[in-house]
Structures are given as C-alpha cells and as structure tokens.
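Accompanying notes for the structure given below.
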Amino acid sequence: MKMENFPAIDLLQVRKSYRDKIALEDISLTLSNRQCLALVGHNGAGKTTLIKIILGLLRPSHGTIKVIHQDPTSRNFNQLRCSIGFLPEQVLFQKTLTGRETLAFYARLKGLPTNNLDEYFDRIDLRAAADRRVGTYSKGMRQRLGIAQALLGQPKLLVLDEPTTGLDPVARQNIYRIIDEEKKNGAAVLISSHVLTEMDDRIDRVAILSEGRMVAHGSIPFLRHHIGMRSYLKINADPGTCGNIAAMFEAELPVEHPSTEEIVLRCLPEQKQEILRRVMAMETTITDIELIDPSLEHIFNAYSSAPSSGGNHV
Ligand SMILES: Nc1ncnc2c1ncn2[C@@H]1O[C@H](COP(=O)(O)OP(=O)(O)OP(=O)(O)O)[C@@H](O)[C@H]1O
C-alpha cells in the first residue's frame, strides 16, 4: 500500500489515566489524508491529552496508535516528526528574535532551508512585519507566526490547537483558506477548538469528547441525522397564507406560529426539499423564506447533554 493511502491518524481503543484519573477511555478514531477533523469538547474533556498522545508526547495506558503508519512513541517516529505541523494552544516565542529569525529557527529544527521563508510570511499575511521583533507583535500576529511554523515543510499531518484564538474575522477566514490549501496538497488536518460557530462548512468530520469518552464521531450531516435534529424553515407571508401552510403541515410536523405573519416548520433534513416544493406550489405570496440547519454548536450541545451514544461513525 502506498504511504498516502494509510490514514494519517488511526487510534484504536485508547485509554489514558493519570494515576486514578481516567482522562480518555476507549477512544477509536481515524483521520484520512485530505480530511479535516474537528476535535471538540468541554474544558477537561480530554482534547489536550489526546493531542499529546497523537504527537507521541504522552504514552497511552492502553490501546494502539498509528500516526502516519508509525507508533508515535517509537524511536522511528522521530524521522517523521518533520512531517507533522503542530500549533500549540499557547504559542510562546523568544521576544527578542524577529519573526524571520524565529521561523528560521523552527525551519532548522526541521532540517529545512531558510531561504524561502517569505512565502510563509505571505501566506499568513505577515511579510511586512517579518523583520520586526516578536516582542512588538500583537497577539493575533504571534498566533499567525505560530501557524507559519506549523506549516513549515509541507506537513502530512497538521495538528492545530485553537488555531483562530485572538484572530480577527479576516485573519480567521485566511486560516481556513490555508487549511483548505493544505488539504488539497494532501495533508490531514486536526483542529481542536472551542469556537464552533465558523467551523460548520470548514470541516469534514467532527469528534465530540465528553468526560474522556467519544460521544459522537462523523460528518455534520450524519450527526444531525443520527440525533434526529430538525431544521427550521421560517416563512413570512400574509396571515391567510400562514394559516393555510399551518393547516397543510400541522398533522405531519411540529409547527410554530410566532406571529400572524410568520410560521416556522421544524422538519428533518431529508424532508426539506419536499416541504419547500409543496409550499412553493401553493400559489401564494410569500415575502421571505429562511432555512436554518442545526449548526455544529447545536449538535455539540445536543450530544454533550445526551446520555452517551457510544461513538457514532460515518
Ligand atoms: N498531568 C495530569 N495529571 C492529572 N490529571 C490530568 C493531567 N493532565 C490532565 N489531567 C486531567 O485529565 C482530564 C483531561 O484534561 P485535558 O487537558 O486533556 O482536557 P482538555 O479537553 O484539553 O481541556 P481544556 O479545554 O480545558 O484545555 C482533566 O480532568 C484534567 O484535569
């Protein structure tokens, strides 16, 4: 099998305990190349522990782990380290070095040339400040420099812990664009984040950790479907039309009538098209239609409050 065909991350029944505290229990997870997985969970859910195990910084108490088809705690893994880009949650740099000197330091650690660093500064939009001392950088600039060091050497696996912390909306969009580019180049990307709002369209899969257990694992549409979350179809029309729509659907669906000129149908994802078709066929005057699918945040809240559903895969 060619190297590119191995999953970048393959965990089976991983457990980690710190003395009598079980931080992770029965975690099985795969991440393929060209995929982006979001690892989400409340404080203390076990995200950092899992990342440290993936990076070979911690040994699991039980289970098997392959990262780019090697055991990350084995000696051979050292050769693979330069194929992994890692952005830690807290990026600490030497304040007296310039951005360029900092990046050159990390490039040398990875055995990479230092004469092409401008392309990295361009990618994170920091070229103009490359020769300024890091001590003069804002929090967002330091975070972008951290991302640049993770990108050094075209990694096969990118592990980004809270990559958008401290970034303004434009910089956040730029990070997501870079993640897409890295995926297209064949990398697997693991993002650990508390900021769920902008991630819906950016990730291929999500793994939800709760108290050390994987309570859900799959694509967003799969998890929406699995937990039976309904979409909101909000329709604004004159009172007569709203009444007719309510009469048409109330035997089939939960229907809410927040005002005489607004009606909300709560439907399953697979019902959306058929409902829209029937509404549009009514030959009435509709002033507005808004369709809201449950977001990653809604899914996370639903799984976090649900009794353990035992790790669901798609
Ligand atoms: N060195 C340690 N010794 C003992 N317990 C630890 C140690 N490191 C972590 N833990 C415990 O393991 C559990 C998981 O911690 P972890 O740091 O992995 O969570 P997290 O999801 O990354 O949290 P956060 O979002 O707050 O960073 C927590 O209950 C934590 O207190």
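Start at 1 and go down the list; that is how both ligands and their atoms are numbered.
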Item checked: Protein contact of atom 29 (O) of ligand 1 - nearest heavy atom, named by residue and atom, plus distance -> Lys21 CE, 3.1 Å
Next item on the list: Mark yes or no for whether Asp161, through its side chain, and Leu87, through its backbone, hold a donor-acceptor pair below 3.5 Å.
Entry: no
Checklist line | Closest approach of any protein heavy atom to atom 25 (O) of ligand 1, naming residue and atom | finding: Lys47 NZ, 2.7 Å
Notebook entry, point to check: Hey, is Gly41 one of the residues with a heavy atom under 4.0 angstrom from ligand 1?
Noted result: no
Next item on the list: Any chance you could lay out the salt bridge (charged side-chain N to carboxylate O under 4.0 Å, His left out) test for Lys234 and Asp288, step after step, and finish with the verdict?
Entry: CA-CA 8 Å; Lys234 189 165 77 106; Asp288 196 15; 5.7 Å; no
Notebook entry, point to check: Can you tell me which residue and heavy atom of the protein come closest to atom 16 (P) of ligand 1, and the distance to 0.1 Å?
Noted result: Thr49 OG1, 3.7 Å
Margin query: Within 45 degrees of the ring normal and closer than 6.0 Å to the centroid, is that where the cationic atom of Lys139 sits relative to Tyr137?
Written below: no
Next item on the list: For Lys47 and Val40, work out which heavy atoms get closest and say how close.
Entry: CD-C, 4.0 Å
Notebook entry, point to check: Do Arg224 and Glu270 pass the salt bridge (charged side-chain N to carboxylate O under 4.0 Å, His left out) test, and can you show the C-alpha distance, the side-chain angles, and the key distance before you say yes or no?
Noted result: CA-CA 11 Å; Arg224 257 186 213 133; Glu270 61 271 23; over 6 Å; no
Item checked: Nitrogen or oxygen atoms of Ala23 and ligand 1 under 3.5 Å apart -> no
Checklist line | Pair Arg34 + Glu182, salt bridge at N-O below 4.0 Å | finding: no
Note to self: I need the nearest protein heavy-atom contact for atom 2 (C) of ligand 1: residue, atom name and distance, please.
What the structure shows: Tyr18 CD2, 3.4 Å
Note to self: Using a 3.5 Å distance criterion without hydrogens, assess whether the side chain of Glu101 forms a donor-acceptor pair with backbone atoms of Asp131.
What the structure shows: no
Next item on the list: To the nearest 0.5 angstrom, please state how far the CD1 atom of Ile203 sits from the CD1 atom of Ile179.
Entry: 10.5 Å
Margin query: At less than 4.0 angstrom from any non-hydrogen atom of Thr48, what atoms of ligand 1 do you find?
Written below: 17 (O), 18 (O), 20 (P), 22 (O), 27 (O)
Note to self: Among all protein heavy atoms in this structure, tell me which lies nearest to atom 14 (C) of ligand 1, with the distance rounded to 0.1 Å.
What the structure shows: Gly44 O, 3.4 Å
Check: Right, does atom 10 (N) of ligand 1 have protein non-hydrogen atoms nearer than 4.0 Å?
Finding: yes
Margin query: Quick check on His42 - does any of its heavy atoms sit under 4.0 Å from an atom of ligand 1?
Written below: yes
Notebook entry, point to check: Should you measure from each heavy atom of Asn43, which atoms of ligand 1 turn up under 4.0 Å away?
Noted result: 23 (O), 24 (P), 25 (O), 26 (O)
